[in-house]
Participant: 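I have a structure I would like to understand better, so I am pasting it below and will then ask my questions one at a time.
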Amino acid sequence: MKNLKIFNSLSNKKEIFFPINNRNIRIYACGPTVYNYAHVGNARMAVVFDTIVKLLRYIFPKVTYVSNITDIDDKIIQRSLVEKKSCEQISATYLSIYNSEMKQLNVDNPDFQPKATEYVESMIEKIKILQDKGYAYFNEGHLLFSVLTFPEYGILSKRSKEDQIAGKRIKVASYKKKPEDFILWKPSKENEPGWSSPWGKGRPGWHTECFAMASDILKTPFDIHGGGLDLKFPHHENEIAQGCCFQKNKNIQSYAKYWMHNGFVTFEEEKMSKSLGNIALLKDYLKVYNGEIIRLALLSAHYRSPLVWKESLLIQSKNILDKFYEVLRKLEDVKLENYNTKLPDELEGYFFDDFNLSKVFAYLNRIIKDKENYKNEEKKMKLKKILYTTGNILGIFKQDTNEWFKNDKKASEKDIKEIEKLIEQRSLARMEKNFNLADNIRKQLIDLGIEIQDSPKGAKWKRVK
RNA sequence: GGCUCGGUGGCAGAGUGGUUAUGCAGCGGAUUGCAAAUCCGUCUACGGCGGUUCGAUUCCGUUCCGAGCCUCCA
């Protein structure tokens, strides 16, 4: 087996992945705060790490994937005031929407999807220990982590403490001794949710939840920690500080060994941001495009590169998938007892090179074009297996090949019946050599956006734009 | 202001010190009752300026441009 290489944000280099325990790979990725509909950026994170996990599952016998849900946070509190609902209602509603949307993108449920509110006790315990060990101090109702106590601070984001002070963008809160200190526990106002703690009624700082949940569920050190690029600083930096200091271990890899960050989705060439009002919500795209199309669009750039989100990207993704589904449709009579196989070394090599999906697709394009691969049943079986195994890792080719071309988000069942009736009539006309009628029907179908493909086994059809 | 990361053909996107992927779109042709699908062929590229080199898109420097972080954010 070839070595899997992944880009480790700690070293800013591609490194060979050496598992801590190759019987069970442990990976954690920071999930969303559920206070609104998921946006395309949330989806990219979910799709990227889902794909990484799928490849890990292809390689290793067991993978434990944890992705958390932040269900208590200032944004949720704000939202609950706007919607006049409890925080629990808000987070439960948007979590359920999130999960159902992810399902449409062929994102598997993580093995664990812990919620912050379920781990408050553990967080209190852990930050109490941090305080007892002298890494944290209490001031004006807040418990703060003292960054000075962790000399390695800044190593992930390649940022010295001086750099941050140079920033000056932060209006330093009065309770902070140093601007870079971060909150472990903050007091709750009367109308806000809170938990009792040694520091009074309050709630945990955001950076603590991932540290606590990853430590509890996966145990430290675990193999891979991931998330969006924007979490690198300060969120992940703060996690490392807590994770290492908690164990009194200054080795930055004593918390997590490899760090992976997905790039941003930009919208109209600018980062999607609420304040700019250019948030692209996933639900709006799911209305029009099949989840697989959106998934492929999200995978079209390397996971570390920025991705410019635009309509033409979705159209391109649809065309690509149509092409592959055509091939799979041609192979539909090839019987397979299972859809997984060991991939050819060359193809594996592309996956293993920090997920070089461009090369993966170049390889797939080459094998579907090669006539040799259609010469006999055995070769066709092999081709089909490679396509489906690759599709399983990428989370595509999951639909019935004929359904793929029939389904359209805007179409109803009734439309499909209507279409198939017309196709039937046209086939009859063709058999009777009544080409005028056949052509008229075809024109009708084209007007409906339907394209006919005649084949020896009867007409097949698909929707076109 | 400080710190990261990028700039490849109409678009998306790999990669490499010399033979210059791949896809989408376009164009031309073959095929077809007509079409479509399919197949074959095909045009555009490596931000600018220096340097190293026999030779640079690839290495170095510099400059311009872009994105991100430094504040909640996937």
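All chains are named by letter (A, B, ...) in the order of the sequence lines, taking the proteins before the strands, and each is independently numbered beginning at 1.
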Participant: Using the salt bridge (Lys or Arg N to Asp or Glu O under 4.0 Å) rule, take Glu292(A) and Arg295(A) through it: C-alpha gap first, then chi angles, then the decisive distance, then the call.
Facilitator: CA-CA 5 Å; Glu292(A) 276 194 24; Arg295(A) 180 169 180 120; over 6 Å; no

Participant: Please name all residues satisfying ring-ring contact (aromatic ring centres under 6.0 Å, His included) with His261(A), sequence neighbours left out, ordered by chain then number.
Facilitator: His236(A)

Participant: Compare the minimum distances between each of C69(B), A14(B), A25(B) and the side chain of Asn319(A), then state the nucleotide with the smallest one.
Facilitator: A25(B)

Participant: To the nearest Å, how far apart are His236(A) NE2 and A74(B) P?
Facilitator: 11 Å

Participant: Using atom P of each nucleotide, how far apart are U58(B) and C49(B) to the nearest Å?
Facilitator: 12 Å

Participant: Under the ring-ring contact (aromatic ring centres under 6.0 Å, His included) test, which residues partner Phe324(A), sequence neighbours left out?
Facilitator: Phe397(A)

Participant: Would you list the pairs meeting salt bridge (Lys or Arg N to Asp or Glu O under 4.0 Å) in which at least one residue belongs to residues 358-370 of chain A, sequence neighbours left out?
Facilitator: Glu346(A)-Arg366(A)

Participant: Tell me every residue that passes salt bridge (charged side-chain N to carboxylate O under 4.0 Å, His left out) with Asp73(A), counting only those two or more places apart in sequence or in another chain.
Facilitator: Lys75(A)

Participant: Among residues at least two apart in sequence or on other chains, which ones pass ring-ring contact (aromatic ring centres under 6.0 Å, His included) with Tyr258(A)?
Facilitator: Phe17(A)

Participant: Compare the minimum distances between each of A74(B), G23(B), A14(B) and the side chain of Lys359(A), then state the nucleotide with the smallest one.
Facilitator: A14(B)

Participant: Suppose you measure atom C1' in C60(B) against the same atom in U52(B); what distance do you get, rounded to whole Å?
Facilitator: 7 Å

Participant: I'd like to know if His39(A) reaches the base of A74(B) with its side chain such that a donor and an acceptor end up less than 3.5 angstrom apart.
Facilitator: yes

Participant: Can you tell me which stems RNA chain B forms, taking runs of 3 or more consecutive Watson-Crick or G-U pairs with both distances under 3.5 Å?
Facilitator: B:1-7 with B:64-70, B:10-12 with B:22-24, B:26-30 with B:38-42, B:47-51 with B:59-63

Participant: Whole-Å distance between A37(B) P and Leu331(A) CG?
Facilitator: 19 Å

Participant: From the list C73(B), G23(B), A74(B), which nucleotide is the closest neighbour of the side chain of Met45(A)?
Facilitator: A74(B)

Participant: If I take atom CZ in residue Phe264(A) and atom P in nucleotide A67(B), what distance separates them, rounded to the nearest angstrom?
Facilitator: 13 Å

Participant: If the P atom of U4(B) is compared with that of U57(B), how far apart are they to the nearest Å?
Facilitator: 28 Å

Participant: Using the C1' atoms only, state how far C27(B) lies from U62(B), rounded to an integer number of Å.
Facilitator: 41 Å

Participant: Base, sugar-phosphate alone, or nothing: which one does Asn12(A) contact when heavy atoms must sit under 4.0 Å apart?
Facilitator: sugar-phosphate

